[in-house]
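Input: a single structure, listed below in structure tokens.
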Amino acid sequence: MLAGDPVTVLSEDECWDLLSSAALGRFVVVTDGRAEIFPVNFVTQRRTLLFRTAPGTKLYRAAMSDQIAFETDGHTDVEGWSVIIQGRAHLLTATAEILDAEEAPLMPWPATVKPHFVRVIGMEITGRRFKFGPAPAR
């Protein structure tokens, strides 16, 4: 990477640090060739992501998809970043899994009941940091 390069590829550790600082991301599944994107609030727990959901499309897609993606990002006045996880989602059903998830500081944002926990397990994690500025001369 050249000094002053406006795009930096992040290490896995840097990606997890940024994920730990974020609270809102996008859970993505592809069903019958159609991408569905669900915004979710989440927390990290031991290099996995947790979110809560109610019965419905998101829960069904999480349980039925063998491949998912998850993206979150952030920015300041001078730079931005994006982290993408490719992996799978696991609906927590065992008592021990649910008790473990309840230890995480995760509460639903809307005032609705979201009784189900979903854990996103990453198989691949990538991230980039972008420095903002004017486009270079052509």
Side-chain angles (χ1 to χ4, degrees):
M1 192 71 37
L2 299 173
D5 194 335
V7 180
T8 304
V9 174
L10 301 173
S11 71
E12 189 171 322
D13 287 339
E14 290 171 307
C15 288
W16 281 109
D17 287 345
L18 288 168
L19 283 166
S20 295
S21 73
L24 182 67
R26 286 153 290 284
F27 177 70
V28 183
V29 294
V30 176
T31 307
D32 299 325
R34 179 181 161 156
E36 294 186 85
I37 303 169
F38 303 96
V40 296
N41 67 298
F42 71 97
V43 296
T44 60
Q45 187 181 49
R46 294 182 307 279
R47 291 197 174 214
T48 66
L49 302 179
L50 283 173
F51 67 87
R52 297 178 76 145
T53 190
T57 303
K58 187 180 351 167
L59 179 62
Y60 175 77
R61 297 289 191 247
M64 298 304 293
S65 299
D66 60 351
Q67 283 283 9
I68 62 91
F70 188 90
E71 191 275 343
T72 191
D73 49 57
H75 66 88
T76 66
D77 290 341
V78 296
E79 68 178 13
W81 59 267
S82 174
V83 173
I84 298 172
I85 294 177
Q86 300 287 334
R88 57 189 173 83
H90 174 66
L91 174 62
L92 304 186
T93 57
T95 301
E97 292 177 317
I98 294 167
L99 290 172
D100 182 49
E102 287 176 343
E103 294 295 318
L106 177 62
M107 296 301 294
W109 281 4
T112 59
V113 175
K114 298 199 179 224
H116 302 285
F117 286 97
V118 175
R119 185 177 301 279
V120 173
I121 301 164
M123 310 308 275
E124 178 183 354
I125 183 169
T126 57
R128 296 198 175 23
R129 187 179 304 276
F130 312 95
K131 291 181 185 171
F132 298 155
R138 293 183 182 201

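Along the sequence shown, residues are numbered consecutively beginning with 1. All of these numbers come straight from a predicted model, not from anything done at the bench.
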N/O donor-acceptor pairs under 3.5 Å from side chains in residues 78-89, not counting sequence neighbours:
| from | atom 1 | to | atom 2 | distance (Å) |
| --- | --- | --- | --- | --- |
| Glu79 | OE2 | Arg129 | NH1 | 3.0 |
| Ser82 | OG | Glu71 | OE2 | 2.9 |

Side chain to side chain donor-acceptor pair (under 3.5 Å) filter on His75, not counting sequence neighbours, yields none
Tracing side-chain contacts under 4.5 Å among Ile, Leu, Val, Met, Phe, Trp and Tyr outward from Leu50 reaches Val43, Leu92, Ile98, Leu106, Phe117
Mind checking whether Val120 and Leu19 sit in one hydrophobic cluster, side chains of I, L, V, M, F, W, Y counted as touching below 4.5 Å?
yes
For Trp109, the hydrophobic cluster (side chain heavy atoms closer than 4.5 Å, chained through members) also holds Leu24
Between the CZ atom in Arg128 and the SG atom in Cys15, the distance rounded to the nearest 0.5 Å is 9.0 Å
d(Arg46 CZ, Leu49 CG) to nearest 0.5 Å is 12.5 Å
Looking only at heavy atoms, the pair that brings Ala54 and His116 closest together is C-CD2, 4.2 Å
Going by chain and number, the hydrophobic cluster around Leu99 (ILVMFWY, side chain to side chain under 4.5 Å) further includes none
Quick note, salt bridge (Lys or Arg N to Asp or Glu O under 4.0 Å) partners involving residues 107-127, not counting sequence neighbours, are Asp100-Arg119
Residues passing the salt bridge (charged side-chain N to carboxylate O under 4.0 Å, His left out) test with Asp13, sequence neighbours excluded, are Arg47
d(Met123 CE, Ile68 CD1) to nearest 0.5 Å is 10.5 Å
Here the ring pair (Phe, Tyr, Trp, His ring centres under 6.0 Å) pairs for residues 21-52, sequence neighbours left out, are Phe27-Phe51, Phe42-Phe70
Sorted by chain and number, sequence neighbours left out, side chain to side chain donor-acceptor pair (under 3.5 Å) with Ser11 holds for Glu14
Across all chains, not counting sequence neighbours, the side chain to side chain contact (heavy atoms under 4.5 Å, CB included) partners of Asp77 are none
Note: Ala104 and Gln45 closest approach over all heavy atoms is CB-NE2, 4.0 Å
Residues pairing under salt bridge (Lys or Arg N to Asp or Glu O under 4.0 Å) where one sits in residues 33-42, two or more places apart or in two chains, turn out to be Glu36-Arg61
So the ring pair (Phe, Tyr, Trp, His ring centres under 6.0 Å) pairs with at least one residue in residues 119-138 (sequence neighbours excluded) are none
